[in-house]
Structure formats: structure tokens, C-alpha cells
Amino acid sequence: MATELAHCTQLTPSGRLRHLLTLTDMSRDLIEELLERAESYLRPPGEPPARDPVLRGRTVANLFFEPSTRTRASFELAAKRLGADVLNLDVNMSSRKKGESVLDTIYTLQAMQVDVFVVRDASAGIPELIAASVEPHVSVLNAGEAAVSHPTQGLLDLMTMHQHKGRFDRLSVVIVGDIARSRVARSAVEGLQIMGTRDIRLVAPPGMTPDEKLYPGTTITSDLDGALPGADVVMALRIQRERMTEKAQMMTTHEYHAKYGLTAERLMRATPDAIVMHPGPMNRDVEIAGDVADGPQSVIVQQVTNGLAMRMAILAMVMEARRDR
Ligand code: ASP
């Protein structure tokens, strides 16, 4: 199995995107191409959404074995706006609940001519396992893998930062919250480092400190007030209670907000034009104050808009890469 997985690369021999499993082996050029393509799918509010028939006649299956609102809805709309048929498998009604292995579910749907699988799962390694097992013309997109990675989120976060800040190399980025259990932080940091960002400060409350080996080249601290000065981007993360196995000695949400919540007063420590990000779902007045989430520096709604455009770009690019396989 290990050898098989090692052979499963997400890129075609000529470097095109066949699957999207992780950001780790992506080049800056490929990310720039995705950012550009996603930008081309944006439309001003009130105008009809962009459509591009590159997936006409194709089938996209959304397999979310963990809850999702934004990622699932945006993949569905993205696939439809590209002309695909979309299958949303209701996992609570699926045979995986009856003990069917994930690969048997995949082979069953592959037999119905699914071209792209969009997969979210609570276990690490599932997207890669599926990618190593599907037929050569089929693509697999990771829509959230345990606490390991969330590459489409990482790309939409890069897109949003790029829109507001332009270059990545001189950016100072603060990410605050449950870093240890966050796949969003992992992919954001991987993407930023590929794009040349050097100043990444991870603020982890006690019990949420990540393994530093997973975050080379970053600063890890528990001091939010000390980390904020000079920050151009401040990203707040939700406490990932669903991944807490031990009975964590968690402070109350009130204490958490007092010490680690992104409040208007704290935000004043960052640069005056710092942007505020959050991947959602938000717990208002826990990791982020409601007025900051709705305030002038917040780009949280724009992240959602960008997420749809980015998922269109990814779907279009894997379909175009078929020519190379
Ligand atoms: N929606 C993001 C994720 O799936 C963030 C979160 O759930 O807190 O990882």
C-alpha cells in the first residue's frame, strides 16, 4: 500500500493538476495559475454568476463524511456552473454506515461514470488512498482531511490575501486558535510558504500548541497581544472540539474570549489596514467578537465568494489536465 500511495502523485507528468490532495508539492507557478483562473470566475454582486462549460457531460460526486456547509455548497455550485451533473451522497444514508469500505463506495460510484470525487473525511490519508485507487481518468479533490490538510481552503485564503495585500513576500500573518487540530492552519501555512511569506506567527492557547515539526519556519507563541503588532492579516480559528479526544482541560468560552478572542481592541495592535479572516463556521464572541467579524476589516464574506471561484478553477483545471494523462 505504501508504495502504491507513493506512486500516486497529484500532478500529471507535465506538471498539470490531476488531483488536489495537498498544497505541499505545488509550485508557485501552479498556485498563481489557480489564483488567476479563480479571479476570472468572479462577477460583481447582482450580476449572474460566471459559467464555463468545461465540465459539460461530466459527473462530480460530493462525498462528505464529516459536516460541511461552505465547502460542500460551493463545490456543488462550482460543478453546476461548469456544466457538470452533481451527485451529493448523503453519507448518513450511504452503505458506508452498513460497513462498506470507502473504496467499495468509490468503485460503486466509479461504475456509474463519476469523473471527479470531492472527499471530506475524518481519517488521515483517505483522499490519497482514493486517488491511488481510481481509474486514470478520474480526479480526487481533498475537501478536508482530518487535521492534516484543507487545500481548497488554503487556496481561497491565498486568493483573499492576494486581493488585499498583493505580494506575499513581505506579509506578516497571524493565525490564532486551535492550531494543533486545524487543517486550515496547516494548508494556509503551506500555501503562504510556497508563495514566499516568511513572517507567520501562530498563536496557540494552552492545549492547542501544534507539533513544531509540522510548522518549520514559523513562530509559535501563546501571546496574542505580543504577536499582533505589524500583522497585515489576522486569521481566527474555531476550537475544534470534535477532534478533542482527551477530556481537555478547556477554559470556559468566556475565558477563552477574554484571553484569545479577536476583539476590536486587540485588532488595533495590528496594522491599521490589517484584514480579518475566518474559515467558518464562526463561534461569535468566542474566537472572534461579533463586531470584528462584521467590521470594516473583515473579509470573511469575501472568503466565501472566493471559495466558490477557486473551486471552479480547480475543477476546470483537473478536467483540462485529462488531455495530458
Ligand atoms: N470549515 C473548516 C474546516 O472544515 C474550519 C472549521 O471547521 O473550523 O476545517
Side-chain angles (χ1 to χ4, degrees), residues 20-24 62-78 88 91 117-127 140-161 173-192 202-205 207-210 214-215 233-245 248 250 253 256-257 260-262 276-290 292-293 298-311 314:
L20 177 59
L21 306 176
T22 173
L23 296 186
T24 41
N62 272 328
L63 308 185
F64 282 69
F65 298 107
E66 261 195 332
S68 174
T69 303
R70 281 149 287 269
T71 308
R72 181 176 152 156
S74 60
F75 261 118
E76 178 172 356
L77 286 173
N88 289 306
V91 287
F117 288 103
V118 178
V119 182
R120 169 172 289 193
D121 201 276
S123 310
I126 294 290
V140 178
L141 307 181
N142 174 356
E145 177 191 4
V148 176
S149 67
H150 195 350
T152 65
Q153 178 76 43
L155 289 166
L156 77 89
D157 288 339
L158 289 179
M159 180 178 176
T160 311
M161 292 182 218
V173 179
V174 168
I175 306 180
V176 53
D178 191 356
I179 311 283
R181 297 174 193 82
S182 175
R183 54 190 175 208
V184 174
R186 287 278 291 279
S187 289
V189 171
E190 284 167 4
L192 282 165
L202 304 176
V203 183
M208 299 181 181
T209 309
L214 296 175
Y215 286 103
V233 175
V234 186
M235 183 189 294
L237 299 174
R238 183 177 67 86
I239 304 169
Q240 310 282 300
R241 288 186 199 279
E242 69 277 28
R243 296 198 191 107
M244 288 183 177
T245 43
M250 263 294 293
T253 51
Y256 187 93
H257 188 65
Y260 297 100
L262 186 59
V276 171
M277 303 178 70
H278 192 302
M282 263 189 290
N283 286 298
R284 284 172 182 261
D285 302 323
V286 182
E287 71 271 13
I288 186 165
V292 172
S298 170
V299 296
I300 296 170
V301 173
Q302 199 178 339
Q303 284 176 269
V304 177
T305 304
N306 288 340
L308 177 42
M310 181 52 76
R311 288 170 181 126
I314 294 161

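Here the structure is a predicted model, which means the values were calculated and not measured. Atoms within each ligand, like the ligands themselves, are counted from 1 in listed order.
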| Distance under 6.0 Å and angle within 45° of ring axis: R311 vs F75 |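 Output yes; distance and angle both within limits.
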message = Side chains of R186 and E145, heavy atoms from C-beta outward: is any pair under 4.5 Å?
response =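 The answer is no; the side chains never approach within 4.5 Å.
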Should V184 and D157 count as side-chain neighbours, where that means a heavy-atom distance under 4.5 Å?
->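 SC-SC contact between V184 and D157 confirmed.
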Can you sort out which atoms of ligand 1 are near [X], meaning under 4.0 Å from one of its heavy atoms?
{"X": "H150", "value": "3 (C), 4 (O), 9 (O)"}
{"X": "R120", "value": "4 (O)"}
{"X": "V184", "value": "2 (C), 5 (C), 9 (O)"}

Original post:
Under 3.5 Å, N or O to N or O, is R243 touching ligand 1 that way?
Top reply: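 Not met; the criterion fails.
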Measuring from non-hydrogen atoms of [X] to any atom of ligand 1, is the shortest distance under 4.0 Å?
{"X": "P281", "value": "yes"}
{"X": "R70", "value": "no"}
{"X": "Q240", "value": "yes"}
{"X": "G280", "value": "yes"}

Q) Do N142 and S149 pass the side chain to side chain donor-acceptor pair (under 3.5 Å) test, and can you show the C-alpha distance, the side-chain angles, and the key distance before you say yes or no? A) CA-CA 8 Å; N142 174 356; S149 67; 3.0 Å; yes
Of the listed options (R238, H278, E242, E145), which comes nearest to atom 7 (O) of ligand 1 when hydrogens are ignored and any heavy atom counts?
->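 When every heavy atom of R238, H278, E242, E145 is considered, R238 comes closest to atom 7 (O) of ligand 1.
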Q303 side chain to H278 main-chain N or O, any donor-acceptor pair under 3.5 Å?
->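 At least one qualifying donor-acceptor pair exists.
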Between S74 and R70, is there a donor-acceptor pair closer than 3.5 Å when you use the side chain of the first and the backbone of the second?
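Pair found, side chain donor or acceptor close to backbone of R70.
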With V118 as reference, evaluate L20, I314, N62 under the side chain to side chain contact (heavy atoms under 4.5 Å, CB included) test and give the passing residue.
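When side chain to side chain contact (heavy atoms under 4.5 Å, CB included) is applied between V118 and each of L20, I314, N62, only N62 qualifies.
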Atom 9 (O) of ligand 1 [closest protein heavy-atom partner, distance rounded to 0.1 Å]: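 The protein heavy atom lying closest is R183 NE, 2.8 Å.
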